Amino acid sequence: MIGRLNHVAIAVPDLAAASAQYAETLGATVGAPQDEPEHGVTVVFIELPNTKIELLHPLGEDSPIRGFLDKNPAGGIHHICYEVEDILAARDRLTARGARILGSGEPKIGAHGKPVLFLHPKDFNGTLIELEQV
Ligand code: CO
C-alpha cells in the first residue's frame, strides 16, 4: 500500500542554524523558510535526489512541534511521510487492522497542498507516520 518515502521531518530549535548546516556543511539544496500557520510550523524544504527533508520549527503558541522540542531540546526526527495513492482507502485499511488515526480521522491538506493523515506512533514502533496522497 505505501509507496515512496516522501520526506523525513526533523524538528529543530534554530531554523536558520539548521538551514545553514544543511546548505553549507552537508552541501544540500535548501529552500527558503515557509510559514504554515494552519499547521503551526515554519518549514524549510531540502531537496535530495531521492526524497526530501523538512526542517520544522514552531510557529505560534499552540504549535504541535513545541511539545516535541520541549522533550527534545536539541531537535530530532519528528515524523516520516510515506506516499499512498488513495488516502481514504489507506485509512480504511489501517483502521480495519486496528491502527489509530490522529485527530478527526479525516484527511487534512498538508504542507504540499495534498491530503494527509497521521498515524498514532504507539501503533508503529514509536514512529509518527504521515501518509500523503500523491
Ligand atoms: Co510531513
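Numbering of ligands and ligand atoms starts at 1, following listing order. Atoms considered below: every heavy atom in the structure, side chains included; atoms not considered: hydrogens, waters and symmetry mates. Note that this is a predicted model, so its numbers are computed, not measured.
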Compile the donor-acceptor pairs under 3.5 Å between side chains in residues 69-78 and protein atoms, sequence neighbours left out, one pair per line.
residue	atom	partner	partner atom	Å
Asn72	ND2	Phe68	O	2.9

Ile129 backbone acceptor or donor facing Thr127 side chain under 3.5 Å
no

Tally, protein N/O/S atoms nearer to the Co ion (ligand 1) than 2.8 Å:
3

Using distance only, find each side-chain donor-acceptor pair of residues 31-40 under 3.5 Å and give its atom names and separation, not counting sequence neighbours.
residue	atom	partner	partner atom	Å
Asp35	OD1	Thr42	OG1	2.8
His39	NE2	Ile109	O	2.9

Pair up each side-chain donor or acceptor in residues 8-28 with any protein partner under 3.5 Å, not counting sequence neighbours, and list the distances.
residue	atom	partner	partner atom	Å
Asp14	OD1	Ala16	N	3.2
Asp14	OD1	Ala17	N	2.9
Ser19	OG	Leu15	O	2.8

With a 4.5 Å heavy-atom cut-off, do Met1 and Glu85 have their side chains touching?
no

Phe45 ring center near His112 ring center (under 6.0 Å):
yes

